[in-house]
**Student:** 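Have a look at this one.
All figures in this text were calculated on a predicted structure; none of them were measured in a lab.
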Amino acid sequence: MALDFNLTDKQEQFVAAFREFGEKGFTNESVKQWCKDEGLPDDIAKGFVDLYFGLKELMDGGEQAAFTLLSQALIIEELSRCAGATLPFQNDLFNLSIIEEFSAGAELQLVLDDYRRTGRLLFALAISEPDAGSDSMSMQTYTRTTGEGIVLDGVKTYVNNGEYAPYILVAAIDKDEENPGKYPPLAFWLVPRDLEGITAYPISKIGQSMLPFASIVFDKVELLPEYRLTGRQGGFKQLFRLLEIGRVFTCASSVGMAQAAMADAAAHAQDRKAFGLRIGCFQQVEQMLTDMEVRLYNMRSMLYRAAWEVDHAVSSERLSVALMKRYIPEAATRLASDALQILGGMGYSEGSRAGRIWQDCRGNQIAEGTDQIMVRIAAPLIIGKYAGASKG
(Lines give C-alpha, C1' and ligand atoms only; values in the text may rest on other atoms or scores of the structure.)
Protein backbone atom coordinates (compact mmCIF):
# COMPACT_ATOMS: atom_id res chain seq x y z
CA MET A 1 0.00 0.00 0.00
CA ALA A 2 1.57 3.29 -1.10
CA LEU A 3 1.87 6.32 1.14
CA ASP A 4 -0.06 9.29 -0.22
CA PHE A 5 0.11 12.72 1.46
CA ASN A 6 -2.82 14.06 -0.56
CA LEU A 7 -5.91 14.45 1.60
CA THR A 8 -9.08 12.66 0.53
CA ASP A 9 -12.20 14.67 -0.27
CA LYS A 10 -13.68 13.60 3.08
CA GLN A 11 -10.58 14.74 4.94
CA GLU A 12 -10.63 18.07 3.12
CA GLN A 13 -14.26 18.54 4.14
CA PHE A 14 -13.92 17.83 7.83
CA VAL A 15 -10.63 19.75 8.13
CA ALA A 16 -12.48 22.72 6.59
CA ALA A 17 -15.31 22.24 9.10
CA PHE A 18 -12.91 22.24 12.05
CA ARG A 19 -11.04 25.21 10.57
CA GLU A 20 -14.28 27.18 10.50
CA PHE A 21 -15.02 26.12 14.09
CA GLY A 22 -11.52 27.05 15.25
CA GLU A 23 -11.20 30.37 13.47
CA LYS A 24 -14.60 31.47 14.75
CA GLY A 25 -14.09 30.47 18.38
CA PHE A 26 -10.35 30.67 19.08
CA THR A 27 -9.59 34.38 19.03
CA ASN A 28 -6.29 35.37 20.63
CA GLU A 29 -8.07 37.22 23.42
CA SER A 30 -10.32 34.26 24.12
CA VAL A 31 -7.41 31.82 24.20
CA LYS A 32 -5.49 34.05 26.62
CA GLN A 33 -8.50 34.11 28.92
CA TRP A 34 -8.96 30.34 28.72
CA CYS A 35 -5.30 29.86 29.63
CA LYS A 36 -5.89 31.99 32.74
CA ASP A 37 -9.04 30.00 33.49
CA GLU A 38 -7.17 26.70 32.97
CA GLY A 39 -9.80 25.31 30.65
CA LEU A 40 -12.28 25.81 27.86
CA PRO A 41 -15.78 27.21 28.38
CA ASP A 42 -18.67 24.77 28.14
CA ASP A 43 -19.92 25.98 24.76
CA ILE A 44 -16.54 25.48 23.08
CA ALA A 45 -16.02 22.04 24.62
CA LYS A 46 -19.52 20.94 23.66
CA GLY A 47 -19.15 22.51 20.21
CA PHE A 48 -16.10 20.35 19.51
CA VAL A 49 -17.85 17.18 20.62
CA ASP A 50 -20.97 17.96 18.57
CA LEU A 51 -18.89 18.65 15.49
CA TYR A 52 -16.66 15.61 15.97
CA PHE A 53 -19.51 13.14 16.27
CA GLY A 54 -21.74 15.05 13.88
CA LEU A 55 -19.33 14.43 11.01
CA LYS A 56 -19.77 10.66 11.10
CA GLU A 57 -21.14 10.62 7.58
CA LEU A 58 -17.84 12.06 6.36
CA MET A 59 -15.64 9.66 8.33
CA ASP A 60 -13.27 7.27 6.63
CA GLY A 61 -15.18 4.10 5.91
CA GLY A 62 -18.78 5.09 6.43
CA GLU A 63 -21.37 5.66 9.10
CA GLN A 64 -20.15 3.12 11.67
CA ALA A 65 -16.42 3.80 11.26
CA ALA A 66 -14.21 5.86 13.51
CA PHE A 67 -11.85 8.54 12.34
CA THR A 68 -8.50 7.11 11.29
CA LEU A 69 -5.53 8.21 13.35
CA LEU A 70 -4.34 10.37 10.45
CA SER A 71 -7.71 12.09 10.29
CA GLN A 72 -7.66 12.72 14.04
CA ALA A 73 -4.15 14.14 13.71
CA LEU A 74 -5.38 16.52 11.01
CA ILE A 75 -8.14 17.73 13.33
CA ILE A 76 -5.76 18.34 16.24
CA GLU A 77 -3.23 20.03 13.96
CA GLU A 78 -5.84 22.41 12.55
CA LEU A 79 -7.38 23.38 15.90
CA SER A 80 -3.94 23.83 17.50
CA ARG A 81 -3.03 26.15 14.64
CA CYS A 82 -6.20 28.17 15.13
CA ALA A 83 -5.68 28.45 18.89
CA GLY A 84 -1.90 28.75 18.97
CA ALA A 85 -2.04 26.70 22.17
CA THR A 86 -2.27 23.17 23.52
CA LEU A 87 -5.94 22.18 23.72
CA PRO A 88 -7.71 19.52 25.82
CA PHE A 89 -9.07 17.77 22.72
CA GLN A 90 -5.92 15.73 22.07
CA ASN A 91 -6.08 14.39 25.63
CA ASP A 92 -9.77 13.59 25.23
CA LEU A 93 -9.18 11.58 22.06
CA PHE A 94 -6.24 9.73 23.59
CA ASN A 95 -8.20 8.94 26.76
CA LEU A 96 -11.06 7.61 24.65
CA SER A 97 -8.57 5.35 22.84
CA ILE A 98 -7.42 3.96 26.19
CA ILE A 99 -10.87 3.19 27.54
CA GLU A 100 -12.02 1.80 24.19
CA GLU A 101 -9.21 -0.76 24.25
CA PHE A 102 -9.50 -1.81 27.90
CA SER A 103 -13.25 -1.60 28.61
CA ALA A 104 -16.27 -3.69 27.77
CA GLY A 105 -19.03 -2.36 25.52
CA ALA A 106 -21.32 -1.14 28.30
CA GLU A 107 -18.46 0.62 30.11
CA LEU A 108 -17.39 2.41 26.95
CA GLN A 109 -20.95 3.37 26.02
CA LEU A 110 -21.47 4.99 29.42
CA VAL A 111 -18.43 7.20 28.85
CA LEU A 112 -19.33 8.03 25.24
CA ASP A 113 -22.94 8.90 26.08
CA ASP A 114 -21.86 11.24 28.87
CA TYR A 115 -19.16 12.83 26.69
CA ARG A 116 -21.63 13.54 23.90
CA ARG A 117 -24.19 14.92 26.36
CA THR A 118 -21.85 17.20 28.36
CA GLY A 119 -18.79 17.84 26.17
CA ARG A 120 -16.59 16.80 29.12
CA LEU A 121 -14.93 13.45 29.65
CA LEU A 122 -16.28 11.55 32.63
CA PHE A 123 -12.78 10.62 33.82
CA ALA A 124 -9.18 11.78 34.16
CA LEU A 125 -6.47 9.37 33.01
CA ALA A 126 -3.83 8.45 35.62
CA ILE A 127 -0.83 6.54 34.21
CA SER A 128 2.36 8.57 34.81
CA GLU A 129 4.12 8.41 38.18
CA PRO A 130 6.77 10.60 39.87
CA ASP A 131 9.38 7.81 39.93
CA ALA A 132 8.43 6.17 36.63
CA GLY A 133 7.66 8.87 34.05
CA SER A 134 8.44 7.56 30.58
CA ASP A 135 9.36 4.16 32.08
CA SER A 136 5.79 2.99 32.56
CA MET A 137 6.82 -0.57 33.43
CA SER A 138 8.36 0.82 36.63
CA MET A 139 4.84 1.71 37.79
CA GLN A 140 4.41 1.28 41.56
CA THR A 141 0.71 2.02 42.03
CA TYR A 142 -0.98 -1.27 42.80
CA THR A 143 -4.13 -3.06 43.92
CA ARG A 144 -4.21 -5.93 46.38
CA THR A 145 -7.01 -7.97 47.93
CA THR A 146 -6.90 -7.85 51.72
CA GLY A 147 -9.21 -8.98 54.47
CA GLU A 148 -11.11 -5.71 54.01
CA GLY A 149 -11.46 -6.04 50.24
CA ILE A 150 -9.57 -4.61 47.25
CA VAL A 151 -7.20 -1.77 48.19
CA LEU A 152 -5.53 0.76 45.87
CA ASP A 153 -2.24 2.44 46.88
CA GLY A 154 0.14 4.70 45.00
CA VAL A 155 0.78 8.12 43.48
CA LYS A 156 0.03 9.37 39.98
CA THR A 157 1.23 12.66 38.53
CA TYR A 158 0.41 14.95 35.61
CA VAL A 159 -3.19 13.79 35.68
CA ASN A 160 -5.06 16.17 33.39
CA ASN A 161 -8.26 17.40 35.06
CA GLY A 162 -7.46 15.22 38.05
CA GLU A 163 -8.91 17.70 40.53
CA TYR A 164 -12.26 18.03 38.77
CA ALA A 165 -13.26 14.89 36.85
CA PRO A 166 -15.85 12.76 38.68
CA TYR A 167 -13.89 9.57 37.95
CA ILE A 168 -10.21 8.69 37.62
CA LEU A 169 -9.12 5.95 35.22
CA VAL A 170 -6.19 4.47 37.15
CA ALA A 171 -3.55 2.14 35.73
CA ALA A 172 -2.35 -0.15 38.51
CA ILE A 173 -0.32 -3.33 39.00
CA ASP A 174 -2.45 -6.27 40.12
CA LYS A 175 -0.61 -7.73 43.13
CA ASP A 176 -3.08 -10.62 43.25
CA GLU A 177 -1.70 -12.02 40.00
CA GLU A 178 0.61 -14.92 40.89
CA ASN A 179 2.08 -15.64 37.43
CA PRO A 180 2.57 -12.27 35.72
CA GLY A 181 4.77 -13.50 32.86
CA LYS A 182 7.02 -11.17 30.89
CA TYR A 183 5.18 -7.97 31.81
CA PRO A 184 3.87 -6.83 35.21
CA PRO A 185 0.11 -7.54 35.45
CA LEU A 186 -1.59 -4.26 34.52
CA ALA A 187 -5.26 -3.40 35.03
CA PHE A 188 -7.37 -0.27 34.65
CA TRP A 189 -9.89 0.85 37.27
CA LEU A 190 -12.58 3.52 36.78
CA VAL A 191 -12.53 4.94 40.30
CA PRO A 192 -14.99 7.52 41.69
CA ARG A 193 -13.04 10.69 42.51
CA ASP A 194 -14.78 11.21 45.87
CA LEU A 195 -13.71 7.93 47.51
CA GLU A 196 -12.02 8.20 50.89
CA GLY A 197 -8.24 8.15 50.62
CA ILE A 198 -7.95 10.07 47.32
CA THR A 199 -6.20 13.45 47.48
CA ALA A 200 -5.37 15.74 44.55
CA TYR A 201 -2.62 18.37 44.52
CA PRO A 202 -2.54 20.90 41.65
CA ILE A 203 0.67 21.23 39.61
CA SER A 204 1.80 24.73 38.62
CA LYS A 205 3.34 24.59 35.15
CA ILE A 206 5.09 27.14 32.92
CA GLY A 207 2.98 26.25 29.86
CA GLN A 208 0.02 24.28 28.52
CA SER A 209 -2.16 26.35 30.82
CA MET A 210 -5.47 25.04 29.48
CA LEU A 211 -4.63 21.61 30.89
CA PRO A 212 -5.03 21.67 34.70
CA PHE A 213 -2.69 18.90 35.85
CA ALA A 214 -2.60 17.38 39.32
CA SER A 215 -0.79 14.77 41.35
CA ILE A 216 -3.15 12.20 42.86
CA VAL A 217 -2.39 10.22 46.01
CA PHE A 218 -4.25 6.95 46.62
CA ASP A 219 -3.92 5.97 50.26
CA LYS A 220 -5.52 2.60 51.03
CA VAL A 221 -8.50 3.38 48.80
CA GLU A 222 -11.12 0.65 49.04
CA LEU A 223 -12.39 -0.44 45.63
CA LEU A 224 -15.38 -2.41 44.47
CA PRO A 225 -14.77 -5.20 41.93
CA GLU A 226 -17.06 -3.50 39.40
CA TYR A 227 -14.66 -0.54 39.16
CA ARG A 228 -12.23 -2.73 37.21
CA LEU A 229 -12.52 -2.51 33.43
CA THR A 230 -13.50 -5.92 32.12
CA GLY A 231 -12.84 -5.62 28.42
CA ARG A 232 -9.73 -6.54 26.50
CA GLN A 233 -6.87 -7.42 28.85
CA GLY A 234 -3.91 -6.39 26.73
CA GLY A 235 -1.81 -5.18 29.64
CA PHE A 236 1.42 -3.30 29.03
CA LYS A 237 1.84 -4.63 25.49
CA GLN A 238 -1.42 -3.00 24.45
CA LEU A 239 -0.68 0.14 26.48
CA PHE A 240 2.62 0.63 24.63
CA ARG A 241 0.80 0.68 21.29
CA LEU A 242 -1.75 3.15 22.64
CA LEU A 243 1.07 5.40 23.81
CA GLU A 244 2.13 5.61 20.17
CA ILE A 245 -1.30 7.09 19.42
CA GLY A 246 -0.76 9.64 22.19
CA ARG A 247 2.59 10.58 20.64
CA VAL A 248 0.95 11.18 17.28
CA PHE A 249 -1.59 13.49 18.95
CA THR A 250 1.16 15.37 20.80
CA CYS A 251 3.13 15.87 17.60
CA ALA A 252 0.01 16.95 15.69
CA SER A 253 -0.51 19.67 18.28
CA SER A 254 3.13 20.74 17.93
CA VAL A 255 2.85 20.97 14.15
CA GLY A 256 -0.31 23.08 14.37
CA MET A 257 1.21 25.46 16.90
CA ALA A 258 4.42 25.72 14.87
CA GLN A 259 2.37 26.67 11.82
CA ALA A 260 0.71 29.45 13.84
CA ALA A 261 4.10 30.74 15.02
CA MET A 262 5.36 30.67 11.43
CA ALA A 263 2.39 32.72 10.22
CA ASP A 264 2.95 35.33 12.93
CA ALA A 265 6.65 35.60 12.16
CA ALA A 266 6.15 35.89 8.39
CA ALA A 267 3.44 38.54 8.82
CA HIS A 268 5.68 40.57 11.13
CA ALA A 269 8.62 40.27 8.73
CA GLN A 270 6.39 41.67 6.00
CA ASP A 271 4.97 44.56 8.04
CA ARG A 272 7.80 45.61 10.36
CA LYS A 273 10.29 48.18 9.08
CA ALA A 274 13.74 48.95 10.44
CA PHE A 275 16.39 51.23 8.95
CA GLY A 276 13.92 52.08 6.20
CA LEU A 277 13.40 48.49 5.04
CA ARG A 278 11.00 45.66 5.79
CA ILE A 279 12.86 43.30 8.13
CA GLY A 280 11.89 40.43 5.82
CA CYS A 281 14.42 41.84 3.36
CA PHE A 282 17.31 41.33 5.77
CA GLN A 283 19.34 38.26 4.89
CA GLN A 284 19.45 36.88 8.43
CA VAL A 285 15.66 37.05 8.75
CA GLU A 286 15.28 35.51 5.29
CA GLN A 287 17.47 32.60 6.37
CA MET A 288 15.51 32.13 9.60
CA LEU A 289 12.20 32.06 7.75
CA THR A 290 13.57 29.61 5.19
CA ASP A 291 14.90 27.23 7.83
CA MET A 292 11.61 27.50 9.74
CA GLU A 293 9.69 26.51 6.62
CA VAL A 294 12.03 23.55 6.07
CA ARG A 295 11.27 22.37 9.60
CA LEU A 296 7.54 22.67 8.95
CA TYR A 297 7.85 20.57 5.79
CA ASN A 298 9.79 17.90 7.69
CA MET A 299 7.50 17.94 10.72
CA ARG A 300 4.34 17.55 8.69
CA SER A 301 5.83 14.77 6.56
CA MET A 302 6.96 12.82 9.63
CA LEU A 303 3.61 13.29 11.36
CA TYR A 304 1.53 12.12 8.41
CA ARG A 305 3.84 9.18 7.69
CA ALA A 306 3.77 7.95 11.30
CA ALA A 307 -0.03 8.28 11.59
CA TRP A 308 -0.53 6.55 8.24
CA GLU A 309 1.75 3.67 9.25
CA VAL A 310 -0.12 3.16 12.53
CA ASP A 311 -3.44 3.18 10.64
CA HIS A 312 -2.18 0.52 8.24
CA ALA A 313 -0.19 -1.52 10.80
CA VAL A 314 3.02 -1.13 8.81
CA SER A 315 5.92 -3.06 10.33
CA SER A 316 8.03 0.10 10.70
CA GLU A 317 5.33 2.05 12.60
CA ARG A 318 7.09 1.90 15.98
CA LEU A 319 10.31 3.32 14.52
CA SER A 320 8.42 6.00 12.58
CA VAL A 321 6.54 7.09 15.71
CA ALA A 322 9.74 7.23 17.78
CA LEU A 323 11.56 9.26 15.11
CA MET A 324 8.55 11.57 14.79
CA LYS A 325 8.36 12.17 18.55
CA ARG A 326 12.13 12.63 18.74
CA TYR A 327 12.09 15.30 16.01
CA ILE A 328 8.81 17.19 15.95
CA PRO A 329 8.44 18.71 19.45
CA GLU A 330 12.07 19.87 19.49
CA ALA A 331 11.79 21.29 15.96
CA ALA A 332 8.54 23.04 16.88
CA THR A 333 10.14 24.54 20.00
CA ARG A 334 13.04 25.82 17.94
CA LEU A 335 10.71 27.22 15.30
CA ALA A 336 8.66 29.03 17.95
CA SER A 337 11.87 30.41 19.44
CA ASP A 338 12.93 31.74 16.03
CA ALA A 339 9.48 33.27 15.56
CA LEU A 340 9.81 34.95 18.93
CA GLN A 341 13.22 36.30 17.86
CA ILE A 342 11.78 37.77 14.66
CA LEU A 343 8.96 39.38 16.64
CA GLY A 344 11.51 40.90 19.00
CA GLY A 345 10.26 42.55 22.17
CA MET A 346 6.68 42.06 21.04
CA GLY A 347 7.24 38.30 21.02
CA TYR A 348 8.60 38.32 24.57
CA SER A 349 5.50 39.92 26.04
CA GLU A 350 2.83 37.96 27.93
CA GLY A 351 0.30 38.70 25.23
CA SER A 352 2.45 37.13 22.51
CA ARG A 353 1.09 34.04 20.83
CA ALA A 354 4.62 32.99 19.84
CA GLY A 355 5.74 33.05 23.47
CA ARG A 356 2.81 30.87 24.51
CA ILE A 357 3.51 28.48 21.64
CA TRP A 358 7.16 28.18 22.68
CA GLN A 359 6.17 27.21 26.21
CA ASP A 360 3.59 24.68 25.05
CA CYS A 361 5.85 23.07 22.45
CA ARG A 362 8.64 22.82 25.02
CA GLY A 363 6.31 20.82 27.24
CA ASN A 364 5.67 18.41 24.38
CA GLN A 365 9.35 17.46 24.45
CA ILE A 366 8.58 15.83 27.80
CA ALA A 367 4.99 14.63 27.29
CA GLU A 368 4.28 11.07 26.08
CA GLY A 369 7.94 10.06 26.35
CA THR A 370 10.89 12.45 26.39
CA ASP A 371 13.21 13.16 23.47
CA GLN A 372 15.81 10.91 25.10
CA ILE A 373 13.42 7.98 25.59
CA MET A 374 12.67 8.12 21.87
CA VAL A 375 16.36 7.49 21.21
CA ARG A 376 16.22 4.46 23.49
CA ILE A 377 13.25 3.14 21.51
CA ALA A 378 14.55 4.02 18.04
CA ALA A 379 18.21 2.98 18.22
CA PRO A 380 17.66 -0.81 18.57
CA LEU A 381 15.06 -0.68 15.81
CA ILE A 382 17.49 1.16 13.56
CA ILE A 383 20.24 -1.38 14.27
CA GLY A 384 17.83 -4.19 13.46
CA LYS A 385 16.71 -2.46 10.28
CA TYR A 386 20.24 -2.34 8.94
CA ALA A 387 21.43 -5.67 10.36
CA GLY A 388 21.26 -7.35 6.96
CA ALA A 389 22.61 -4.44 4.94
CA SER A 390 25.75 -4.96 2.87
CA LYS A 391 28.97 -3.64 4.41
CA GLY A 392 30.48 -3.08 0.98
**Student:** Per the salt bridge (charged side-chain N to carboxylate O under 4.0 Å, His left out) rule, what does the pair list look like for residues 190-216, sequence neighbours excluded?
**Tutor:**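 Passing the test, one end in residues 190-216: no pairs.
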
**Student:** Begin with the C-alpha distance, continue with both residues' side-chain angles, and end with the deciding distance and a verdict on side-chain contact (heavy atoms from CB on, under 4.5 Å) for F48 and L40.
**Tutor:** CA-CA 11 Å; F48 168 79; L40 294 172; over 6 Å; no

**Student:** Would V255 end up clustered with I366 when hydrophobic side chains under 4.5 Å apart are linked, directly or stepwise?
**Tutor:**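 Looking at the clustering, I366 is in a separate group from V255.
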
**Student:** Would E244 and R247 count as a salt bridge (charged side-chain N to carboxylate O under 4.0 Å, His left out) if you check the C-alpha gap in whole Å, the side-chain angles of each, and the deciding distance to 0.1 Å?
**Tutor:** CA-CA 5 Å; E244 293 183 356; R247 286 163 187 157; 5.5 Å; no

**Student:** Walk me through whether K24 and E20 qualify under salt bridge (charged side-chain N to carboxylate O under 4.0 Å, His left out).
**Tutor:** CA-CA 6 Å; K24 180 180 179 181; E20 181 181 1; over 6 Å; no

**Student:** Say whether I279 and F275 are linked into one hydrophobic cluster, either directly or through other cluster members, by side-chain heavy-atom distances under 4.5 angstrom.
**Tutor:**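 Linked within one cluster.
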
**Student:** Mind checking whether L125 and N160 have side chains closer than 4.5 Å, heavy atoms only?
**Tutor:**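 They are not in contact (no side-chain heavy atoms under 4.5 Å apart), so the answer is no.
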
**Student:** Looking at D153 and K220, would you say the former's side chain and the latter's main chain have a donor-acceptor pair under 3.5 Å?
**Tutor:**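 It does hold such a pair.
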
**Student:** Heavy atoms only: give me the nearest L87-N91 pair and the separation to one decimal.
**Tutor:**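 Heavy-atom minimum between the residues: O-OD1, 4.3 Å.
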
**Student:** Determine, using the 4.5 Å side-chain heavy-atom cutoff (strictly less than), whether M257 and L303 are members of one ILVMFWY cluster.
**Tutor:**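 No; tracing contacts between hydrophobic side chains, which count when under 4.5 Å, never links both residues.
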
**Student:** Hey, are the side chains of V321 and E309 touching, using non-hydrogen atoms and a 4.5 Å cut-off?
**Tutor:**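 Answer no - side chains too far apart.
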
**Student:** Please identify which of these residues, R300, R81, E77, meets the side-chain hydrogen bond (donor to acceptor under 3.5 Å, both in side chains) condition with Q259.
**Tutor:**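 Of all the options given, the one that passes is R300.
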
**Student:** Is it the case that atom CD in E163 sees more than 12 heavy atoms from other parts of the structure closer than 6.0 Å?
**Tutor:**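 It does: E163 CD has more than 12 such atoms within range.
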
**Student:** Treating K325 as the side-chain partner and E368 as the backbone partner, does any N or O pair qualify as donor plus acceptor under 3.5 Å?
**Tutor:**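 It does not hold such a pair.
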
**Student:** Can M324 be reached from I75 by stepping across I, L, V, M, F, W or Y side chains whose heavy atoms are under 4.5 Å apart?
**Tutor:**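 Hydrophobic grouping puts I75 with M324.
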
**Student:** What are the two closest heavy atoms between L70 and A307, and how far apart are they?
**Tutor:**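 Taking every non-hydrogen atom into account, CA-CB, 3.8 Å.
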
**Student:** Using atom types as modelled, flag every donor-acceptor pair under 3.5 Å from a side chain in residues 282-297 to any protein atom, sequence neighbours excluded.
**Tutor:**
unit_1 : atom_1 : unit_2 : atom_2 : d
T290   : OG1    : E286   : O      : 2.8
R295   : NH1    : D338   : OD2    : 3.2

**Student:** For A171, is there any backbone N or O sitting under 3.5 Å from a side-chain donor or acceptor partner on K156?
**Tutor:**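 Looks like yes, one N/O pair under 3.5 Å.
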
**Student:** Is any side-chain heavy atom of L239 less than 4.5 Å from a side-chain heavy atom of I98?
**Tutor:**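 In short, these two side chains touch, coming nearer than 4.5 Å.
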
**Student:** Under the 4.5 Å side-chain heavy-atom rule for ILVMFWY, direct or indirect, which residues accompany V221?
**Tutor:**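 Reading the cluster by chain and number, V221 sits alongside I150, L152, V159, I168, V170, W189, V191, L195, I198, I216, F218, L223, L224, Y227.
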
**Student:** Assess whether salt bridge (charged side-chain N to carboxylate O under 4.0 Å, His left out) is satisfied between D50 and K46, documenting all intermediate values.
**Tutor:** CA-CA 6 Å; D50 289 345; K46 186 64 163 60; 2.7 Å; yes

**Student:** Check the hydrophobic clustering (I, L, V, M, F, W, Y; side-chain heavy atoms under 4.5 Å; chains of links allowed) and say if Y167 and L110 are grouped together.
**Tutor:**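 Per the 4.5 Å side-chain linkage, Y167 and L110 are co-clustered.
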
**Student:** Output yes when a side-chain donor or acceptor of D174 lies under 3.5 Å from a complementary backbone atom of D176, and no otherwise.
**Tutor:**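 Yes, because the side chain of D174 sits within donor-acceptor range (under 3.5 Å) of the backbone of D176.
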
**Student:** Give the C-alpha distance, both sets of side-chain angles, the deciding distance and a yes or no for side-chain contact (heavy atoms from CB on, under 4.5 Å) between K10 and L55.
**Tutor:** CA-CA 10 Å; K10 291 179 181 179; L55 288 172; over 6 Å; no

**Student:** Do side-chain atoms of S352 reach the backbone of G347 as a donor and acceptor pair under 3.5 angstrom?
**Tutor:**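 Such a contact is found between S352 side chain and G347 backbone.
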
**Student:** Is R326 salt-bridged to E330, going by a charged N under 4.0 Å from an acidic O?
**Tutor:**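 Judged by the 4.0 Å cut-off on N to carboxylate O distance, R326 and E330 do not form a salt bridge.
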
**Student:** Would you call I377 and R318 a side-chain contact if the rule is heavy atoms closer than 4.5 Å?
**Tutor:**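 Yes, their side chains come closer than 4.5 Å.
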
**Student:** Checking Q140 side chain against D131 main chain: does a donor-acceptor pair fall under 3.5 Å?
**Tutor:**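 No, because the side chain of Q140 does not come within donor-acceptor range (under 3.5 Å) of the backbone of D131.
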
**Student:** Students often mix this up, so state it plainly: with edges at 30° and 60°, are the rings of F188 and F102 parallel, tilted or perpendicular?
**Tutor:**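 Judged by the thresholds at 30° and 60°, the geometry between F188 and F102 is tilted.
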
**Student:** For Y327, give me all partners under ring pair (Phe, Tyr, Trp, His ring centres under 6.0 Å), at least two apart in sequence or on another chain.
**Tutor:**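 With sequence neighbours excluded, Y327 shows a ring pair (Phe, Tyr, Trp, His ring centres under 6.0 Å) to no residue whatsoever.
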
**Student:** Is the distance from the ring center of F14 to that of F67 below 6.0 Å?
**Tutor:**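 Yes, the ring centres sit under 6.0 Å apart.
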
**Student:** Do T143 and R228 come within less than 4.5 Å of each other through their side chains, counting heavy atoms only?
**Tutor:**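 A side-chain contact is absent here, since even the closest heavy-atom pair is not under 4.5 Å.
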
**Student:** Kindly say whether S30 contributes a backbone atom to a donor-acceptor pair with the side chain of T27 at under 3.5 angstrom?
**Tutor:**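 Judged by distance alone, yes, a pair lies under 3.5 Å.
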
**Student:** R356 and N28: which non-hydrogen atoms are nearest, and at how many Å?
**Tutor:**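 The pair with the smallest heavy-atom distance is NH2-OD1, 3.3 Å.
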
**Student:** Taking all atoms of both residues into account, what is the closest heavy-atom pair of S253 and I76, and its distance?
**Tutor:**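 So the two residues come closest at N-CG2, 3.7 Å.
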
**Student:** Would you call the rings of F21 and F89 parallel, tilted or perpendicular, taking 30° and 60° as the class edges?
**Tutor:**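 Ring orientation, 0 to 90° scale: tilted.
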
**Student:** How about CZ on R376, more than 12 heavy atoms from neighbouring residues, nucleotides or ligands closer than 6.0 Å, or not?
**Tutor:**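 Incorrect, the count does not exceed 12.
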
**Student:** With a 4.5 Å cut-off on side-chain heavy atoms, are R120 and V49 touching?
**Tutor:**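 No. Closest side-chain heavy atoms not under 4.5 Å.
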
**Student:** Kindly give the heavy-atom pair with the smallest separation between I357 and G84, and that separation in Å.
**Tutor:**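 Smallest interatomic distance, heavy atoms only, reads CG1-O, 3.3 Å.
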
**Student:** On a heavy-atom basis, which atom in Q11 and which in S71 lie closest, and how many Å separate them?
**Tutor:**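 Heavy atoms of Q11 and S71 come nearest at NE2-OG, 3.3 Å.
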
**Student:** Who pairs with Y158 by ring pair (Phe, Tyr, Trp, His ring centres under 6.0 Å), at least two apart in sequence or on another chain?
**Tutor:**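 Here the qualifying residues are F213.
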
**Student:** Under a 3.5 Å distance rule, please check whether S97 uses its side chain to pair with a backbone N or O of L93 as donor and acceptor.
**Tutor:**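 Checked: pair present.
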
**Student:** Can you give the donor-acceptor pairs under 3.5 Å from side chains of residues 358-365 to other protein atoms, not counting sequence neighbours?
**Tutor:**
unit_1 : atom_1 : unit_2 : atom_2 : d
Q359   : NE2    : I206   : O      : 2.9
D360   : OD1    : Q208   : N      : 2.5
D360   : OD2    : T86    : N      : 2.9
D360   : OD2    : T86    : OG1    : 3.3
N364   : OD1    : Q208   : NE2    : 2.9
N364   : ND2    : S254   : OG     : 2.9
Q365   : OE1    : T333   : OG1    : 3.0
Q365   : NE2    : D371   : OD2    : 2.7

**Student:** Just checking F94 against F249, ring centres under 6.0 Å apart?
**Tutor:**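 They do not qualify: ring centres at least 6.0 Å apart.
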
**Student:** Taking the inter-plane angle between the rings of Y115 and F53 on a 0 to 90° scale, is it parallel (under 30°), tilted (30 to 60°) or perpendicular (over 60°)?
**Tutor:**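 Y115 vs F53 ring planes: perpendicular.
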
**Student:** If you round to the nearest 0.5 Å, how far is OH of Y304 from CG of L7?
**Tutor:**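 Those atoms lie 6.0 Å apart.
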
